[in-house]
There are 2 protein chains.
Amino acid sequence: MAKVDVPDIVISRLPRYLQTLNQMAKEGMHTVSSSDLAARLRTTAAQIRKDLSYFGGFGKQGTGYPIYLLIEELQKILNLDRIWQVALVGAGNLGRALAQYPGFPRRGIEIALLFDADPNVVGTQIGTIPVQHVDFMESEIQDQGIKIGILAVPAAAAQQIADRMVSAGIEGILNYAPVTLILPESIHAMDIDPVLQLQTMMYFIGED
Amino acid sequence: MAKVDVPDIVISRLPRYLQTLNQMAKEGMHTVSSSDLAARLRTTAAQIRKDLSYFGGFGKQGTGYPIYLLIEELQKILNLDRIWQVALVGAGNLGRALAQYPGFPRRGIEIALLFDADPNVVGTQIGTIPVQHVDFMESEIQDQGIKIGILAVPAAAAQQIADRMVSAGIEGILNYAPVTLILPESIHAMDIDPVLQLQTMMYFIGED
DNA sequence: TAGATTGTTAATCGATTAACAATC
DNA sequence: TAGATTGTTAATCGATTAACAATC
């Protein structure tokens with residue numbers, strides 16, 4: 001697939017469209033216009049039509065978009081039409097919460113591997129997932145051909161674990177540690193740091 | 001403070017600058033040039049200088065920016081020069097992890113209130129924080145004048161709890177539930193949904 | 001058919017980048 | 001002083017919005 005011409009920012013909006021379309025489907029809707037979808041997503045009808053038009057014409061003049069079709073198409077575009085296995089490193093409070101997060105299996109994401117360095121935790125199970133020692137991380141990731149890793153380790157360990165993930169063949173890293181990782185350009189890294197988001201809010205909410 | 005003229009996207013980058021400057025300070029650095037900071041953050045020197053210039057001239061030609069000064073200034077700009085109390089709703093796996101997340105107190109965020117609806121959980125303590133019944137949410141938030149709420153409840157409950165937060169005077173909501181909330185324009189809402197981030201990655205990593 | 005809404009092109013808007021005089 | 005780097009202006013780039021012919 002030559003997907004070079006679609007702006008990254010467009011791609012990053014597609015999962016939100018999908019999320020809302022799924023909600024609408026659950027509500028029993030069958031068809032939606034770009035303006036109704038836009039209202040729900042707090043964006044504009046023009047943007048939705050433009051974004052979707054990068055991938056084809058999924059709508060019908062006069063009636064809008066068939067919700068089920070659009071859900072299927074978006075899933076295909078985003079490569080969601082299969083189960084993705086991910087490796088999770090860190091079985092502390094956050095790692096354990098992620099390992100048991102029902103939103104993952106529900107949306108096709110399987111925590112296939114879980115690692116920690118603490119000997120008190122290694123060997124136990126979190127939900128149905130055994131915690132392995134992080135020393136086995138590289139070999140396990142390679143054996144299973146896993147491409148996505150989730151980092152839920154302390155800040156001090158994050159860079160080192162990320163480097164090891166990359167050397168094991170990981171192509172995407174979701175980083176929960178509050179540090180800016182230094183990674184090769186080729187790696188798709190995204191950060192989830194609630195403090196950064198809260199700090200942005202604090203600017204706007206001000207000092208009242 | 002008239003902060004109307006600074007683009008939102010600039011504000012959203014400031015916490016990252018601050019994070020990296022703090023790391024640099026910890027490494028013993030005293031001064032940094034826009035290009036060195038840019039290299040660390042994977043952005044450009046011009047962007048950093050432009051962003052900072054909205055708030056004043058903090059650097060020195062020839063030598064760069066004094067790290068400690070810049071940290072202080074950024075903290076003032078973002079209103080981080082005080083403790084922010086937040087209300088957390090949801091004491092499931094995720095809520096409990098958040099309630100005990102050391103990155104919050106370390107960066108001036110205090111979980112002052114914690115609520116849940118489950119009678120088995122209400123009355124217990126998570127770390128040092130007592131879990132109160134969500135029925136008391138509005139009054140407690142109002143009593144303490146809390147402006148920021150964190151939503152860690154199941155998707156089905158999220159909209160209703162968010163509405164109640166708003167009616168209690170909350171001005172910013174950090175939403176962990178995988179739903180698009182419908183909220184008044186005046187509310188600063190941000191979503192943290194790891195699945196949306198992973199799905200964006202899946203597009204780029206592809207089907208190999 | 002008349003009304004609604006798409007897909008797309010062109011216009012606008014805003015953000016990023018480049019360049020450089022000022023100056024430490 | 002010479003070298004480095006800022007702060008800022010102007011140029012470029014890219015994304016969003018508006019508009020409308022096509023068409024269901």
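Worth knowing before you read on, the calculation uses all heavy atoms, side chains too, and leaves out hydrogens, waters and symmetry mates.
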Q.
Both distances below 3.5 Å, Watson-Crick or wobble geometry, any strand: find the nucleotide opposite C:dC24.
A.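 Pair assignment: C:dC24 / D:dG3.
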Q) Considering Watson-Crick and G-U wobble pairs with both distances under 3.5 Å, what does D:dT9 pair with? A)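 Partner of D:dT9: C:dA18.
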**Q.** Salt bridge flag under 4.0 Å for residues B:Arg13 and B:Asp8
**A.**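 No salt bridge links B:Arg13 with B:Asp8.
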Q) Between B:Phe204 and A:His188, what is the ring plane arrangement, given parallel below 30°, perpendicular above 60°, and tilted in between? A)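 B:Phe204 vs A:His188 ring planes: parallel.
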Can you measure [X] atom [atom1] to [N] atom [atom2] for me and round it to whole angstrom units?
{"X": "A:Glu73", "N": "C:dG7", "atom1": "CD", "atom2": "P", "result": "12 Å"}
{"X": "A:Asp8", "N": "D:dA15", "atom1": "CG", "atom2": "P", "result": "9 Å"}
{"X": "B:Ile9", "N": "D:dT16", "atom1": "CD1", "atom2": "P", "result": "10 Å"}
{"X": "A:Gln47", "N": "C:dT8", "atom1": "CD", "atom2": "P", "result": "17 Å"}
{"X": "B:Leu70", "N": "D:dT6", "atom1": "CG", "atom2": "C1'", "result": "13 Å"}
{"X": "B:Lys50", "N": "C:dA19", "atom1": "NZ", "atom2": "P", "result": "16 Å"}
{"X": "B:Ile67", "N": "D:dT5", "atom1": "CD1", "atom2": "C1'", "result": "15 Å"}
{"X": "A:Asp51", "N": "D:dT17", "atom1": "CG", "atom2": "C1'", "result": "12 Å"}

Q) Are A:Arg49 and C:dG7 close enough that a side-chain N or O sits under 4.0 Å from OP1 or OP2? A)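 For A:Arg49, the contact criterion (side-chain N or O under 4.0 Å from OP1 or OP2 of C:dG7) is not met.
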Q: Report the nucleotide, chosen from C:dT8, C:dT17, D:dT6, that has the shortest atom-to-atom distance to any side-chain atom of A:Ser53.
A: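 Nearest listed nucleotide: C:dT8.
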Q: Answer whether the closest heavy-atom distance between the side chains of A:Tyr17 and A:Leu70 falls below 4.5 Å.
A: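 No, too far: nothing below the 4.5 Å cut-off.
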Q. Can you list the residues that meet the side chain to side chain contact (heavy atoms under 4.5 Å, CB included) rule with B:Ala112, with sequence neighbours excluded?
A.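 For B:Ala112, the residues satisfying side chain to side chain contact (heavy atoms under 4.5 Å, CB included) (neighbours in sequence not counted) are B:Gln85, B:Glu110, B:Gln144, B:Ile146.
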**Q.** Least distance between heavy atoms, B:Leu88 atom then B:Ala152 atom
**A.**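 The answer is CD1-CB, 4.1 Å.
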Q: Write down the atom of A:Asp116, the atom of A:Gly90, and the distance for their closest heavy-atom approach.
A: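 Distance-wise, the nearest heavy atoms are OD2-C, 3.6 Å.
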Q) So what does B:Ser34 hit on the nucleic acid, given a heavy-atom distance under 4.0 Å: a base, only sugar-phosphate, or nothing? A)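 It contacts sugar-phosphate atoms only.
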Q. Of B:Asp36 and B:Ala46, whose nearest nucleotide on DNA chain D comes first from the 5' end?
A.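 Result: B:Asp36.
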Q: Enumerate the residues from residues 55-66 of chain B whose closest heavy atom to DNA chain C is under 4.0 Å, giving them by residue number; use none for an empty result.
A: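 Within this stretch, B:Lys60, B:Gln61, B:Gly62 sit under 4.0 Å of the strand.
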Q | Of B:Ile71, B:Ile77, B:Asn79, the residue whose pairing with B:Gln75 passes side chain to side chain contact (heavy atoms under 4.5 Å, CB included) | A |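 Per the side chain to side chain contact (heavy atoms under 4.5 Å, CB included) rule, the option paired with B:Gln75 is B:Ile71, out of B:Ile71, B:Ile77, B:Asn79.
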